[in-house]
Amino acid sequence: MITRKEKPNSEQELKRILNPLVVKWFFSRFKEFSLPQLFGVMEIHSRSNVLVSAPTGATKSLTAFLSILNELVDSAEKGILEDKVYCVYISPLKALNSDIAVNLIQPLKEIETLAGKELGIRVAVRTGDTSSSEKQKMLKKVPHILITTPESLAICLVSPKFKNLLHDIDWAIIDEVHSIAENKRGVDLSLSLERLQHSSPAMCRVGLSATIEPLEEIAKFLVGNERPCKIIDVQFIKKLDLKVISPVNDLINVTWNELEKRTYEVLNELIQQHKTTLIFTNTRAATERVVHNLKTKFGKKYYEISEEPPYAKSSLIGAHHGSLSKDVRFAIEQQLREGKLKCVVSSTSLELGLDIGYVDLVILLDSPKSVARALQRCLTFDMRVLCEDGTYQKIGEIVENKLDIKVISYDKNKGYIANKVKIWHKNKAKKIFNIALGCGENLKCTGEHPLLTSYGWKKARELNKGDLIAEIKDKINFQNSIPYLFELMPKDKIFVINIENFFQKQIDEYLEHNKISVKSFAKIIGMPYSRLIDCRRIKGRKKSIRLDHFLKVCDICNIPMRNFLPYLQYLKTKGRKWAIFPLKPTKEIMWLAGVVATDGCIVKSKDKQTSTDYYKIKIGNKSKLLIDRVKEIISKFDIVPYVSIRDGSFYNLEFGSNLFAHLFESFGIPSKNKSFALDVNDNLYSFSPDLIYSYLGGIFEGDGNFNEAGMVRIFTASKKFALGLHFLLSRLGYSNKVSRNKIKPSKLVKKVSNGYIYCVGIYNKNDLKRFFQNIPIYAEKSKRGELFTNNYEFITRCKSEKFLSYSKIKSINVINKKVNVYNLTLEEEPNNFIVGNVIVHNCGRAGHRLHDTTKGRIVVLDRDNLVECSVLLKNIIFTFLKIAWMF
C-alpha cells in the first residue's frame, strides 16, 4: 500500500530515539533538523519503506543515514555490534559512492572523538574500481555499511564468498532512484533487491531522489509488488509563482501587427509593476529589437532626466549580449548591480552577470526550448574554500552538510571581507575543466564557472594557456581561532597531572548528585575501573590521568573550561618529568616547528621492553647561532639535547620528546618520508599572523636563503608544502611564486637526490622589507636579511596591485567524467569566494534567490510555443530544475 506522510515528527521525538552521542554530534554540526529529517528519520528508524523526494541540497543522504548511524553507534557502545552488513547503499554513480564514503567516515570520526574511543564501525566501497586486495579485506573485516552500484551488487549476490555476507540486512538505500528506474539498470536492480529481500525478509528499502514524477509509480518500483511504502514529499518548500501567458486571447486568428503591439504592452505592464525585470530572448537580434521597441513605444518610462544641470538623460533599460563590447557589457552589469536599471534584456545563452543585484521578475520571451537552458557554474567536491577563520573547507562538505559558515569574498574597493553562505547548490556535470596554474594550484570546475583574470571575469571554457588568473594578495583579517595545545595532540597518548585532587573532587560531586557507584561511572567514561581507582587516590603517588579520560570527565560533569584549563599546562607522555607547557602555541614553539619542518626530522622508534612508541627530534644546520637558539627554547621545557659536530662546521642536535613530536605532527610534519610528505596542516591556517610569521621564520632559517639581488627563496621537495607556504604568504599580503626544478644530486642528503625541488620565492622589495620586519630575528639568515632590507623604501601601490596577484595558466585539460559539482550563493555583495588562492564566482543568476517566492513569466508568441512552454513549465515544477530565471 502506497501512502503519503502528511505531518513531520517533532524535534523532541527525534531526540528521544537517537543516542545522546549522535544527538550531541548532530547539533555540533547543525542548528536544527531539516524538514526531510523531521519527516524521514523516524520512519527509517522504524524500518518502514520510504521514498524521500526533496530538492538538491535538502540533506536527503543524511536523512537516510542518521537512523542507521544511530543504530550502529548505539550497538557499538553497548558492545553488541556484529560483524555483518547492516546497510547496503546503492548509487548509479561510482563518483557519488566515493563522496558518500567520505561523508560517512568523517561523521564517524567526529562521533568517536566525542565518545573518546574507537567504535569500530566500518564503511567500505565495492564498485568496478575496487581492487582485489580491498575485496579480500572486506571478507576478513566485514563492513557494516557497504556502498556499491547496481552492477557490483549483482556480482556480490552471485559471488560464493561475498553473498554469505549479505544475509539479514536491515536497510537498502537506493540513491538517485529516478535515474535507475527508467532504464535496464533498474530492471537489474529490482532483481537484486528481491534476492536481498529473500535472505533478509525484514529489510527496509529507502529511496532518495530530487527529481521524481509520478511519485506513486516510483514508490512501486522501489518496493515491488504488495509491499507498503510511505512517500515523503518535501519538494514544495519554496513558493513558486510561475506562469505561461499569452499577449492575446486568440493566438490563431490574430494579425502580426496586433500580436506585436499587444506583446510590448504586456511587457511594459509587467516591467512597470516591478522594481527590476530581467528579460531573456533566444537571439541577440531579438535582444536589440526588444530594447529598441520598448524605448520607442514607451520612451518616457525608460529614460531618467537628472534633476541638476546639465540635465542629462540616462537610459533605464539596457541590452546585454556577446556581440557588445566588454566595456558596454560591464557597464550594464554594474548599473544592474547598483539598481540603476529598470530592465535588462539579454540573450538566453548569455551568462548575465555575476552579481546581478535585486531582480524581482524574470521574463522569458518565447520558448527557452529546454528546462535546463542555463548551464551550471560549479566546482568539484574537493575544491577548498577559504573561510572566515582562515581555514579551508571542501566545497562538497559545505554543501552536503549545509554548513552555516562565513567565507572570504573579494571586494575591489575594500579588499577581502567575510560573507555568509545563504544557499547551497549541488548539480551534476559530464565534463570538468582541470586548470593547472604556475603557482602549483589546480582548479577543477565546469566550463561555465567564472574566474577572475587580468581581463576581468572569464568562464573556464574561455581561458587559454598563458592567461593570468587573479589570486589573493592582501593581509586578510581573519577571525582567528587558535587551538589549545592539548587539542592538537592525540588524547589517548597524553597524560595530565593529578594535582589538588581536582579529578577526584569533580567525580565525587557527580557520584553524589546522580547516586551512582564508581564502577558505573568508569563504564560511562570508558575508563578501566582499576585505573580510575588509581587516579582517585588521595594518599600515595597519584597516577596521572589520560587526557581523553580527563576531558570526558570534565564534559560529563559540566565543568567550565576556565576551571580545568590550568591543569592542562602539565602534560607528559611517559616518565616522571612534568614540564609546564603554555596553553596555546607560542612564537618560539612555532619558530622551532619551522626549523624542524625544513632542517629537522621526527624519528619514531619502539621501546623493546614496553613495546611503546617513543620519538626523537633531530636538527642539522651549519649555524651555531640557530642551534644555540633551539637549545635555549627546549631548555624551558626541562629538555636536555645532545649536540655533535660533523666535519668541523655542521651541527647535529637531537632530543627526545613525544609531546613535541605529536605537536609537530599536527602541524603537518610526518615521522616518515618527511622530504616529500611534508605539508601545512589545516589547523595552521587558523593561527594568528604573528604565529604564522614565527613559523615562516623558522622555515626560512632552515631551508631558505636571501641574496643581495633581492630575493627570498624557500626550498622543499614537497609540492604540498610549497603550495601551503604559497597560501600562507598570499593571505599575509605577499606576492610570491612557486617554481619547480629537477633535484640536483646531493652529497649531503642522498635520500632526496631524485624527483623535483620546489622553490617558493618573494621578489617584491616592499614584501621583502615587511617580511624581515615581522619574522623572528634569531639566527644569521634573518639577521642578514633584516640588515640588507633596512635601506629599502616602501613604494605605494595602487589598490588592485595591493589586493591581487596573478598566476599564469600552465595547462587546461578537459575530463569527461560524470561527477557531482557544487556552488554557493552568499548573503551579501560581492557574490564571489576564494578557492585555494583563486577568486571564483557563484552560480550567477541561476544561484540568486533574493525572494522567498520564485517569480517568472514565459510570454508565448504562437500556438506551438504555448503548448511547448506549458509542458516545460510542468516539468520545471515537478523536477525543480533551477533554470536561468529561477533564483
Side-chain angles (χ1 to χ4, degrees), residues 354-355 379 383-395 398 405-419 421 435-445 449-458 460 463 467-480 680 682 684-689 692-693 695-696 720 722-738 760-764 766-767 770-771 774 797-809 824 826 828-842:
L354 298 161
D355 299 311
L379 299 151
M383 292 293 98
R384 302 197 307 165
V385 177
L386 182 58
C387 300
E388 179 191 30
D389 63 354
T391 62
Y392 288 97
Q393 286 269 14
K394 290 181 179 179
I395 191 167
I398 295 174
I405 60 173
K406 287 186 177 181
V407 301
I408 298 297
S409 291
Y410 166 65
D411 184 292
K412 65 180 182 181
N413 296 314
K414 300 176 184 176
Y416 298 92
I417 59 174
N419 207 342
V421 177
I435 302 169
L437 303 180
C439 65
E441 288 192 68
N442 276 72
L443 190 79
K444 294 179 181 178
C445 61
H449 201 81
L451 283 70
L452 187 58
T453 73
S454 57
Y455 302 106
W457 292 100
K458 291 184 72 173
L463 297 172
D467 282 351
L468 295 174
I469 302 299
E471 293 193 299
I472 61 173
K473 190 205 75 171
D474 189 25
K475 186 177 180 181
I476 303 175
N477 295 317
F478 294 109
Q479 294 296 315
N480 298 119
V680 176
D682 285 344
L684 273 176
Y685 292 118
S686 68
F687 284 16
S688 58
I692 292 175
Y693 271 121
Y695 183 60
L696 292 171
K720 293 187 294 184
L723 200 56
L725 295 181
H726 172 67
F727 290 160
L728 290 175
L729 288 166
S730 297
R731 63 174 53 190
L732 290 171
Y734 293 94
S735 293
N736 66 96
K737 294 180 181 178
V738 179
V760 184
I762 306 173
Y763 308 97
N764 179 279
N766 281 1
D767 291 341
R770 190 159 60 91
F771 182 77
N774 284 282
R797 304 280 180 179
C798 68
K799 282 186 177 179
S800 62
E801 285 183 319
K802 174 186 175 184
F803 295 145
L804 298 177
S805 183
Y806 293 94
S807 183
K808 276 187 180 181
I809 294 178
L824 308 170
L826 307 179
E828 301 176 0
E829 305 286 351
N831 222 320
N832 61 53
F833 52 94
I834 317 298
V835 175
N837 259 16
V838 178
I839 303 166
V840 304
H841 222 284
N842 80 322

Does V838 reach the side chain of I435, with side-chain heavy atoms less than 4.5 Å apart? no
Tell me, with the steps shown, if N832 and W457 meet side chain to side chain contact (heavy atoms under 4.5 Å, CB included). CA-CA 11 Å; N832 61 53; W457 292 100; 3.9 Å; yes
From CA spacing to verdict: side chain to side chain contact (heavy atoms under 4.5 Å, CB included), I408, F478: CA-CA 9 Å; I408 298 297; F478 294 109; 3.9 Å; yes
Is any side-chain heavy atom of L684 less than 4.5 Å from a side-chain heavy atom of I692? no
Indicate yes or no: at least one non-hydrogen side-chain atom of V421 is less than 4.5 angstrom from one of I405. yes
Ignoring hydrogens and geometry, is there a side-chain-to-backbone donor-acceptor pair from D474 to I476 under 3.5 Å? no
Heavy-atom side-chain contact between L804 and I839 under 4.5 Å: yes
Measuring from atom CD of E388 to atom CD of Q393, what distance do you get when rounded to the nearest 0.5 angstrom? 12.5 Å
L468 and K808: side chain to side chain contact (heavy atoms under 4.5 Å, CB included), yes or no, with the steps? CA-CA 5 Å; L468 295 174; K808 276 187 180 181; 3.3 Å; yes
Tell me, yes or no, whether the heavy-atom count around N477 atom CG, taken from other residues, nucleotides or ligands under 6.0 Å, exceeds 12. no
What is the distance from atom NE2 of H449 to atom CE of M383, rounded to the nearest 0.5 Å? 10.5 Å
Give the table of side-chain donor-acceptor pairs shorter than 3.5 Å for residues 723-730, with sequence neighbours excluded, one pair per line with atom names and distance.
{"residue": "H726", "atom": "ND1", "partner": "N736", "partner atom": "OD1", "Å": "2.6"}
{"residue": "H726", "atom": "NE2", "partner": "E471", "partner atom": "OE1", "Å": "3.3"}
{"residue": "H726", "atom": "NE2", "partner": "E471", "partner atom": "OE2", "Å": "3.3"}
{"residue": "H726", "atom": "NE2", "partner": "N837", "partner atom": "ND2", "Å": "3.4"}
{"residue": "S730", "atom": "OG", "partner": "H726", "partner atom": "O", "Å": "2.8"}
{"residue": "S730", "atom": "OG", "partner": "N736", "partner atom": "ND2", "Å": "3.1"}
{"residue": "S730", "atom": "OG", "partner": "N837", "partner atom": "ND2", "Å": "2.7"}

Can you tell me how far the CG atom of L696 sits from the CZ atom of F771, to the nearest 0.5 Å? 5.5 Å
Around atom NZ of K458, are there more than 12 heavy atoms from other residues, nucleotides or ligands closer than 6.0 Å? yes
For the pair Y410 and F803, name the ring-plane relationship: parallel under 30°, tilted 30 to 60°, perpendicular over 60°. perpendicular
Nearest 0.5 Å please: distance from the NZ atom of K412 over to the CG atom of L452. 10.5 Å
Decide side chain to side chain contact (heavy atoms under 4.5 Å, CB included) for L443 and L437; before the verdict, give the C-alpha distance in whole Å, the side-chain angles of both, and the deciding distance to 0.1 Å. CA-CA 8 Å; L443 190 79; L437 303 180; 5.8 Å; no
Give, for atom OG of S807 and atom CD1 of I469, the distance between the pair rounded to the nearest 0.5 Å. 8.0 Å
Side chains of V407 and L386: does their closest heavy-atom pair fall under 4.5 Å? no
Donor-acceptor pair, side chain of H841 and main chain of N831, under 3.5 angstrom: yes
May I ask you to test the D767-I762 pair for a side-chain heavy-atom distance under 4.5 Å? yes
Student check: side-chain heavy atoms of I417 and P830 closer than 4.5 Å: yes
